[in-house]
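Here the structure comes first, spelled out in structure tokens, and everything after it is commentary.
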Amino acid sequence: MDTLISGTLSPSLGNLTFLRLLDLSNLKELKGPIPPEFGKLTRLTFLFLDTNKLTGSIPTSFQYLTRLKKLYLSDNYVSGVIPASVFRSLTSLSELGLSGNQLSGSIPSTIGKLASLVKLDFHGNNLSGSIPPSIGRLKNLNYLDLSENRITGSIPESFGGLSGLVLLYLHQNEITGSIPSSISGLVSLQFCRLSENKLTGSLPPSIGKLPNLQRLILENNKLTGKLPATLGHLSSLTDIFFANNHFVGKIPSSFGDLGSLQTLDLSRNKLSGPIPPQLAKLKNLQSLDLSYNPLKLVRIPEVFAKLDLFRFMLAGTGIEGQLPSWLTSSSVSILDLSSNRLSGKLPHWIGHMTGLSFLNLSNNGFHSAIPAEFKNLSLLMDIDLHSNKFTGHLKTILGKNVQDPLGYFNSIDLSSNNFTGPIDEDIGDKSAMASIVSLDLSHNPFGGSIPKSLGKLTGLKVLKLAGDGLVGNIPAELGNARELSTIVLSQNNLSGEIPKNVLNLSELQEFNVSGNQLSGSIPPHKAVIPVSAFMDNPVFPANTLIVLLLLIMEFLKSIHEV
């Protein structure tokens with residue numbers, strides 16, 4: 001059972017000079033500063049004050065706790081700088097946890113004096129400045145987490161001396177420069193995450209000398225050059241995340257030697273083809289993402305047919321023609337082939353891919369109706385077919401089977417196609433729609449009216465029906481879908497008044513009915529909605545002056561911003 005104790009730390013605790021262990025962690029409501037009197041607890045070996053609401057700074061008197069082995073102040077509201085004097089004397093300290101606070105300033109270079117340190121966790125603060133090279137002296141260190149700060153500068157060459165390091169997390173900082181070739185000295189490293197920084201330069205070939213490396217996460221940097229073939233030496237590697245960098249050249253054929261690899265994400269780089277046939281040897285590969293590289297594949301390579309993939313992403317890789325029939329016998333659950341030049345009909349065998357949970361074929365050239373077999377996709381939860389030339393009615397999609405508790409739609413985007421209507425009046429009653437969160441059917445020639453049953457979709461947050469040739473009133477029943485935050489009904493032929501309960505939905509953030517035939521007054525509302533969202537309708541008589549004033553205000557604001 002969780003303990004909850006409120007109040008502050010008493011300075012009189014400092015009188016317990018024979019105390020060896022003090023554990024006041026996870027008391028939830030413990031507030032106030034850490035008393036400087038704690039510095040009198042010179043026999044203390046373990047001090048746990050983590051997961052409370054403590055404030056103030058780290059007392060400099062901690063420098064007298066020379067027998068301390070473990071110190072945890074994590075997950076509080078401790079602020080100020082880390083006092084350099086503390087680390088000059090805590091030579092027995094093996095674990096130091098200051099994560100999840102509001103500490104600022106730089107990491108003091110005296111950290112290098114903590115010769116016994118095994119674990120160092122400063123993640124989730126506001127630390128700035130560069131990483132002190134003195135960290136390289138901590139020969140016993142096996143866990144180093146400095147992530148989620150504002151650290152600048154480069155990765156010190158001295159890191160190569162941390163031969164016992166198992167985990168290195170430096171992600172979500174502002175670290176620049178290149179990855180030092182001395183990284184080859186981290187022979188015990190298993191988990192390396194340097195993502196979300198500003199790293200540049202090429203990946204050093206010496207990275208292939210890390211025999212125990214399992215996860216290598218370098219995504220969202222500015223790394224360049226070719227992928228070193230030496231990566232193929234990392235036989236323990238299970239995950240590669242290199243997305244959103246500037247890598248060039250071909251995927252090394254040596255990647256086929258990564259027998260333990262489960263995830264390969266090279267998306268959003270500048271890699272070119274062809275795909276090395278050696279990738280067929282990756283029998284443990286479950287997730288492959290090569291999206292948005294200038295691979296110029298033309299056809300989906302047959303090498304992928306030999307893999308047992310769960311997640312298969314080749315968006316924006318230059319694929320043309322029709323879907324290969326070998327997909328029907330694949331185990332793919334997440335399939336993204338968007339932003340290519342696929343064309344022709346959606347094959348009937350798509351209904352045999354019964355493991356599909358996510359399907360994105362958007363921004364291609366498909367031009368058929370959805371085959372009847374589509375309803376067999378009983379696990380499908382997210383579908384994106386926008387910007388194609390699909391035709392026919394929505395019944396096959398909306399009425400698909402479910403495999404309870406899975407297979408209920410989470411999101412549907414069928415916008416910018418040639419689907420015809422009207423939209424099913426019972427759309428809100430269909431079992432597959434019970435959990436829908438986002439529905440975008442914009443820019444299709446549906447005609448007809450907005451179904452009242454949409455109001456039964458209690459989890460719906462986004463509804464977009466722009467440019468669908470819709471007529472009739474906006475149903476007041478939409479106000480029953482209380483989670484709606486976005487309603488876009490622009491560029492239709494809707495008439496009548498805007499229902500008050502729809503415009504006053506508590507979660508509403510975006511509302512657009514421009515370009516219709518609506519009349520009457522605009523109901524009072526709390527959401528901040530621009531005047532443009534009501535434009536190009538017959539005059540709303542009771543609001544003419546208000547609309548005019550709002551237009552003037554928006555115009556003056558735009559001038560001020562310029």
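Heavy atoms only: backbone and side chains are in, while hydrogens, waters and symmetry mates are out. As the structure is a prediction and not an experimental result, all values here were calculated from the model. One-based numbering along the sequence shown.
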Would you say L297 and L314 make side-chain contact, with heavy atoms under 4.5 Å?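 L297 reaches L314 side chain to side chain.
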Taking side chain as C-beta onward, heavy atoms only, is H171 less than 4.5 Å from E148?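 Answer yes - side chains close enough.
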Has the side chain of [X] got a donor or acceptor atom that lies under 3.5 Å from a matching backbone atom of [Y]?
{"X": "D23", "Y": "S25", "answer": "yes"}
{"X": "N197", "Y": "N221", "answer": "no"}
{"X": "N340", "Y": "G318", "answer": "yes"}
{"X": "N364", "Y": "L342", "answer": "yes"}
{"X": "N52", "Y": "L24", "answer": "yes"}
{"X": "N245", "Y": "N269", "answer": "no"}
{"X": "N142", "Y": "G164", "answer": "no"}
{"X": "N125", "Y": "N149", "answer": "no"}

Once side-chain hydrogen bond (donor to acceptor under 3.5 Å, both in side chains) is applied, do any residues pair with R137, and if so which ones, sequence neighbours excluded?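 Result, side-chain hydrogen bond (donor to acceptor under 3.5 Å, both in side chains) vs R137: none returned.
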May I have all residue pairs that pass salt bridge (Lys or Arg N to Asp or Glu O under 4.0 Å) and include part of [range], sequence neighbours excluded?
{"range": "residues 178-187", "value": "none"}
{"range": "residues 308-320", "value": "D289-R311, E320-R341"}
{"range": "residues 114-135", "value": "none"}

How far apart are the closest heavy atoms of G256 and L282, and which atoms are they?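 Shortest heavy-atom separation between G256 and L282 comes out as O-CD2, 3.9 Å.
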Considering all heavy atoms, the nearest S333-G355 contact: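 Of all heavy-atom pairs spanning S333 and G355, the closest is OG-O, 3.2 Å.
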Between F62 and F38, is the gap from one ring center to the other below 6.0 Å?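 Between F38 and F62, which both carry aromatic rings, the centre distance is not below 6.0 Å.
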Looking at the rings of F312 and F304, which for Trp means the six-membered one, are their centres under 6.0 Å apart?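 Between F304 and F312, which both carry aromatic rings, the centre distance is below 6.0 Å.
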Going by atom type alone, with no hydrogens or angles, which donor-acceptor pairs under 3.5 Å involve a side-chain atom of residues 94-102 and a protein atom two or more places apart or on another chain?
from : atom 1 : to  : atom 2 : distance (Å)
S94  : OG     : K69 : O      : 3.0
E95  : OE1    : Y72 : OH     : 2.6
S99  : OG     : S74 : OG     : 3.3
N101 : OD1    : N76 : N      : 3.2
N101 : OD1    : Y77 : N      : 3.4
N101 : OD1    : V78 : N      : 3.0
N101 : ND2    : L73 : O      : 3.0
N101 : ND2    : L98 : O      : 3.1
N101 : ND2    : S99 : O      : 3.2

After noting the C-alpha distance and the side-chain angles of F366 and L361, does the key distance pass the side chain to side chain contact (heavy atoms under 4.5 Å, CB included) rule? CA-CA 9 Å; F366 291 104; L361 299 177; 4.0 Å; yes
Under 4.0 Å between a side-chain nitrogen and a carboxylate oxygen: does that hold for E507 and K461?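 Result for this pair is no, no salt bridge flagged.
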Judged by modelled atom types alone, do N26 and T51 share a side-chain donor-acceptor pair under 3.5 Å?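 Their side chains do not contain a donor-acceptor pair, so the 3.5 Å distance test is not met.
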Please tell me whether E219 and N244 have a donor and an acceptor in their side chains that are separated by less than 3.5 angstrom.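 On atom types as modelled, these side chains do not qualify, holding no pair under 3.5 Å.
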For atom NZ of K139, decide whether the heavy atoms of other residues, nucleotides or ligands shown that lie under 6.0 angstrom number more than 12.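 Atom NZ in K139 is crowded, with more than 12 foreign heavy atoms closer than 6.0 Å.
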Taking salt bridge (Lys or Arg N to Asp or Glu O under 4.0 Å) as the test, write out the residues that go with D75, two or more places apart.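 So D75 forms no salt bridge (Lys or Arg N to Asp or Glu O under 4.0 Å) with any residue.
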After noting the C-alpha distance and the side-chain angles of T317 and Y292, does the key distance pass the side chain to side chain contact (heavy atoms under 4.5 Å, CB included) rule? CA-CA 6 Å; T317 53; Y292 301 107; over 6 Å; no
